[in-house]
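Below is one structure, written out as structure tokens; the observations come after it.
If you're wondering where the values come from, they're calculated on a predicted model, not measured in any experiment. Residue numbering restarts at 1 for every chain, and letters A, B, ... go by the order of the sequence lines.
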Amino acid sequence: MKQHYSFSVSKNTLKAIKEPYFKASDPMATERYNPRVTEPKWRNAWDEAKLFETDNASPKPKYYVLEMFPYPSGRIHMGHVRNYAMGDVVARYKRAMGYNVLHPMGWDAFGMPAENAAMQNKVHPKEWTYQNIAAMRSQLKSMGLSIDWTREFATCDVDYYHRQQMLFVDFLHKGLVGRRVSKVNWDPEDQTVLANEQVIDGRGWRSGALVEQRELAQWVFKISDYSEELLDALDNLDNWPDKVRTMQRNWIGKSRGARINFPFVKRSSIKDDELICFSTRPDTLYGASFMAISAEHPITLELAKSDPKLLAFVEQCRRLGTSTADIETAEKQGYDLGLTVKHPFIEGKELPVYAANFVLMDYGTGAIFGCPAHDQRDLDFARKYGLEVTSVVATLSDPNTPAPVDDIAFVDDGVLVNSGPMSGLRKDEAINKAIDVLAEMGLAKEEINYRLRDWGISRQRYWGCPIPVIHCDDCGTVPVPKSDLPVKLPEDVTFDIPGNPLDRHPTWRHVNCPKCNKPASRETDTMDTFVDSSWYFARFTAPWEHEPTDPKAANDWLPVDQYIGGIEHAILHLLYSRFFTRAMKVTGHLNIEEPFKGLFTQGMVVHETYKGEAGFVTPADICIEESDGKRRAIDIASGKEVKIGSIEKMSKSKKNVVDPDDIIASYGADTARFFMLSDSPPERDVIWTESGVEGSHRFVQRIWRLLNDASEGFKATKSGKGIDGKAGEISKSAHKTLKAVGEDLDKLAFNKAVARLYELVNMIANPISEIAKGNADPQTTSATKEAVEFLIAMFAPMMPHLAEECWQVIGNSGMIADHPWPKFDDGLVVDDDIFLPIQVNGKKRAEVTVSASANQDEIIAAVLEMDVIKGYLDGNKPRKVIVVPKRIVNIVL
RNA sequence: GCGGGCAUGGCGGAAUCGGUAGACGCAAGGGACUUAAAAUCCCUCGGCCUUAGUGCUGUCCGGGUUCGAGUCCCGGUGCCCGCACCA
């Protein structure tokens, strides 16, 4: 039996929900709202009406809202609740606004955890995954999301990965896929390859193991061909957070410079005539004092064959890790190769060539010229090996003297000096000039370099989409013909030893070559799971199609109008999806470039941590006591006090997770959803607190009580606008709130919308009480009923079940989920009288209420007549009176 | 190191274009109702003050622009996020 969320304050509330509650003094009083009964009831009603099933053929304008689909880990967590609550508000709001809304759900279902579970628990990954999906689907359904479940799929469904294999084959034919033997990041723990994007601080993003470098034949998607386009198009994604765009820009890492040839002078045994390097600062060539090439550079490797000491140096560089700590502590090291090159500008000058540990083989050409005065790494290196340091850039403040360089290189903008044709030019001009001059000499050309590498997708795993390719000794790699697709995963596999089960399967890999029919073997690598999530949003538009997409449906629905998910996908998933959409355009599956028009990255759900003698304690086992203004956490089981620790992201290791199931069982889905939308701005982290949930739940009960108490009065009245007096005020508040909440929801400012709902309820609470007592006049009752209808419509996207129940209780027919968003009256959102603060010399001293039609002179006259103001004026005339219409009056003495 | 962001009561946060700082919620304190508790309702709630006011002060710190600055500009401090030996 599940223990409910046990805080001292909440116990009574929980008890009260379980038992009907009556006011002691009034046996006729309203029963408490019981979400356990009403929530399932309304979910059934929506299902039966097929309210959220989306028709592609509907003539209404389309709106596609999508939350990043979950990995089926087993149970949903609060982060999911927050994510899907936000998406559901948008979906329901847009639906009410008259859009044909597509709001689907699926499962990012391939991946390592299923294989880990298979190894640990002797359960097949497929079984484990589908069980988890079933459990999580039922949890998500209990949230009351307006999802079209008829479009649901999991990426591990054969139906889905079949289409992914079709896409792969199409990409292959269009030259978007390559096969390369290359150095790859090998995760020794997971025994698989990782993309650069999946290596964080030199460790596998999932396993945390130190990544090794290995040579492997890899399938790659040629994302780097799209570097420029992916970069340029970011400028137009103006409904994306700047932060994400910046991160992608940096990741693509464009830099402009020159590819420069340095002819060898002393060339030893090597056959190359020249050393080619890349530099973004060719302007500083006059300050060059050495050349450095990577330990992995072909010239280094060639020389190392006959030089044991050099070979030792190369191996030492390889051993050096790639983690942050290693890089920061690593000293610049080099090995003099005994070669020299000719300086392109300075007659007779030769530069020595070193192999160096700080030069990367996979950026630029793996070779650089060292200009110590204007590059910190080069300076460190030069100081260590006693090389000359020649400053050739002057500061802007002293443009004739080379900037002095001691331990810190001068890298800022400046004026070139002692630099031949570049002398006297500013940095940027000098770079252009250098490229021009070198180009004329035939020694260089302009070059753009990108940091972005091709996307290696081969994974030596079982639980992924098989790469539909066959290796034939005679024909090479042959794609599986489309008529032979899908290449299904075999189910009879074992996980008792590490490595890829597909590799050791007795029969699966043996096939005949589709071209020559001789015995051949299947590719046993599967695709990186990021491939699965790179096009699922397109599949949702027509998941029934035989082809990967129905291009018309895809073009009609895409791009996704509002995509919502975590910032952690800012680079990987979002960049891959942008590439995939382009690749799908090239292969005719759709005709757009960008998959996501609007992107919103929501913050995490965080919670306090509690630490006892035996480690972290979960919040469900804690009771918070408060006395003398101090909060203490008590472990319920032992009765001992535990330490209240820092606020952290909810995680199993910190044991600070709150199970959504418990919350929904105790308070209902609406309370959980409403709390997730309250208080914190959605892009920021939200702190889960029990008292906060209590507050949301109080609001639920308060609305219910108010509307129930007055339900007879409402049923007997038609709703309408109030003209004057109390009724007029109520209508103004209601219409103003309606306008403001609409604007807030358009901006996804859920926390502000929530605050306005509280304000409106505070405003109409008294009139509702009067109606309940039978004391209200008909006009007030009518205006209040309209305000209540607005209120229900406004919180319906946030608390959909409560909204239906309330809609019914005030005597309205139909379902609010199917009701259009109300329209505010322009005349009611402007005030007749305007309240103006009055400042004297910029400090607030008084206030005045004037008619909205009053002109500036009338306002000034009225203000100057006020006794308070006369007191400040002391008989003098003000030097100046500033009236900002509808804002403020400021009198300057 | 490079790039980006943030800083407002006891707490989460509001404050549209430079115009009443602290909406709304939480917590806290007081009161009503009750045999009692819970629930509910009402009140107080940035700080300071022998003058309680038409008072002073207050949005990380120091300057500036302005009739007026949480908001804009310059300089600094602290924290957070991303990338990182990228030539």
[atom1] atom, [N] versus [M]: distance in rounded Å?
N: U71(B); M: U8(B); atom1: P; result: 13 Å
N: G78(B); M: C24(B); atom1: C1'; result: 29 Å
N: A39(B); M: C61(B); atom1: C1'; result: 48 Å
N: G47(B); M: G10(B); atom1: P; result: 7 Å
N: G4(B); M: C73(B); atom1: P; result: 15 Å
N: A23(B); M: G13(B); atom1: C1'; result: 10 Å
N: G19(B); M: G68(B); atom1: P; result: 14 Å
N: G22(B); M: A14(B); atom1: P; result: 15 Å

(message) Taking D831(A) first and then K736(A), would you say they form a salt bridge - that is, a charged N and a carboxylate O separated by under 4.0 Å?
(response)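 The answer is yes: the pair qualifies as a salt bridge.
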(message) Whether the side chain of K332(A) and the base of C85(B) hold a donor-acceptor pair under 3.5 Å is what I'd like checked.
(response)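 Present.
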Whole angstrom value for the distance that separates [atom2] of [N] from [atom1] of [X]:
X: K243(A); N: G3(B); atom1: NZ; atom2: P; value: 17 Å
X: F675(A); N: C24(B); atom1: CZ; atom2: P; value: 19 Å
X: I252(A); N: C83(B); atom1: CD1; atom2: C1'; value: 14 Å
X: F358(A); N: A84(B); atom1: CZ; atom2: P; value: 19 Å
X: L757(A); N: G13(B); atom1: CG; atom2: P; value: 20 Å
X: I891(A); N: U54(B); atom1: CD1; atom2: P; value: 17 Å
X: R451(A); N: G82(B); atom1: CZ; atom2: P; value: 14 Å
X: H697(A); N: G25(B); atom1: NE2; atom2: P; value: 17 Å

(message) Nearest to the S279(A) side chain among A87(B), A27(B), C83(B), which nucleotide is it?
(response)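 The answer is A87(B), which lies nearest to the side chain.
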(request) Check whether any side-chain heavy atom of F795(A) lies under 4.5 Å from a side-chain heavy atom of L791(A), and answer yes or no. (result)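 Contact flag for F795(A)/L791(A) side chains = yes.
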(request) Would you check if Q701(A) and R32(A) make a side-chain contact, meaning some heavy-atom pair closer than 4.5 Å? (result)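 Answer yes - side chains close enough.
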(message) With nearest nucleotide decided by heavy atoms, which residue, S696(A) or Y363(A), maps closer to the 5′ end of RNA chain B?
(response)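 In this pair, the answer is S696(A).
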(request) On RNA chain B, check which nucleotide each of T246(A) and Y872(A) is closest to and give me the residue with the more 5' one. (result)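 Here T246(A) is the residue nearer the 5' end.
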Do any side-chain nitrogens or oxygens of [X] fall under 4.0 Å of OP1 or OP2 in [N]?
X: R845(A); N: C56(B); result: yes
X: T689(A); N: A27(B); result: no
X: K843(A); N: U57(B); result: yes
X: R698(A); N: A27(B); result: yes
X: R245(A); N: G4(B); result: no

(request) Would you confirm whether the ring centroid of Y354(A) sits within less than 6.0 angstrom of the ring centroid of Y335(A)? (result)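 Ring centroids of Y335(A) and Y354(A) are no less than 6.0 Å from each other.
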(message) Counting the benzene-type ring for Trp, do W240(A) and F600(A) have ring centres under 6.0 Å apart?
(response)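 That pair fails the under 6.0 Å test.
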With a non-hydrogen cut-off below 4.0 angstrom, is [X] in contact with a base, only sugar-phosphate, or nothing?
X: Y758(A); answer: sugar-phosphate
X: V359(A); answer: base
X: N762(A); answer: sugar-phosphate
X: G695(A); answer: sugar-phosphate

(request) Without swapping roles, check the side chain of N656(A) against the backbone of E648(A) for a donor-acceptor pair under 3.5 Å. (result)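 Yes, the answer is positive, given that a donor and an acceptor are paired below the 3.5 Å cut-off.
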(request) Check whether any side-chain N or O of H607(A) sits under 3.5 Å from a backbone N or O of I647(A) as a donor-acceptor pair, and report yes or no. (result)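 Judged by distance alone, no pair lies under 3.5 Å.
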(request) Let me have a per-nucleotide readout for nucleotides 14-23 of chain B, 5' to 3', with B, S or -, counting only protein heavy atoms under 4.0 Å. (result) SSB--BB--B
(request) Determine, for nucleotides 41-48 of chain B in 5'-to-3' order, which nucleotides have protein heavy atoms under 4.0 Å from the base (write B), from only the sugar-phosphate (write S), or from neither (write -). (result) S-------
For a quick test of your reading: what N or O donor-acceptor pairs under 3.5 Å do the side chains of residues 285-296 of chain A make, sequence neighbours left out?
from	atom 1	to	atom 2	distance (Å)
S289(A)	OG	E388(A)	O	2.9
S294(A)	OG	E296(A)	N	2.9
S294(A)	OG	V359(A)	O	3.3
E296(A)	OE1	R318(A)	NH2	3.3
E296(A)	OE2	R318(A)	NE	2.8

(request) Can you tell me which residue pairs pass the side-chain hydrogen bond (donor to acceptor under 3.5 Å, both in side chains) test with a partner in residues 877-893 of chain A, sequence neighbours excluded? (result)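 side-chain hydrogen bond (donor to acceptor under 3.5 Å, both in side chains) check on residues 877-893 of chain A returns no pairs.
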(request) Could you tell me whether the side chains of H374(A) and T284(A) share a donor-acceptor contact shorter than 3.5 Å? (result)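 Short answer, no.
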(request) Under the salt bridge (Lys or Arg N to Asp or Glu O under 4.0 Å) rule, collect the residues that match up with E759(A), sequence neighbours excluded. (result)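 E759(A) satisfies salt bridge (Lys or Arg N to Asp or Glu O under 4.0 Å) with no other residue.
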(message) For V881(A), run the side chain to side chain contact (heavy atoms under 4.5 Å, CB included) check against I838(A), I860(A), V863(A) and tell me which one passes.
(response)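 The option that passes is I860(A).
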(message) Using a 3.5 Å limit on both distances, find every run of at least three consecutive Watson-Crick or G-U pairs that involves RNA chain B.
(response)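 The stems that RNA chain B takes part in, listed by first number, are B:1-7 with B:77-83, B:10-12 with B:24-26, B:28-32 with B:40-44, B:46-48 with B:55-57, B:60-64 with B:72-76.
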(request) Just label G9(B) as syn or anti from its O4'-C1'-N9-C4 or O4'-C1'-N1-C2 angle, using within 90° of 0 for syn. (result)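 For G9(B), whose glycosidic angle is within 90° of 0, the conformation is syn.
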(request) If the glycosidic angle is within 90 degrees of 0 it's syn, otherwise anti, so just tell me which one C17(B) is. (result)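 Here the answer is syn: the torsion falls within 90° of 0.
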(message) Taking NZ in K445(A) as the centre, count heavy atoms belonging to other residues, nucleotides or ligands within less than 6.0 Å. Is the count above 12?
(response)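 It does not: K445(A) NZ has 12 such atoms or fewer within range.
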(request) Answer yes or no: are there more than 12 heavy-atom neighbours, outside I448(A) itself, under 6.0 Å from its atom CD1? (result)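 More than 12 within 6.0 Å, yes.
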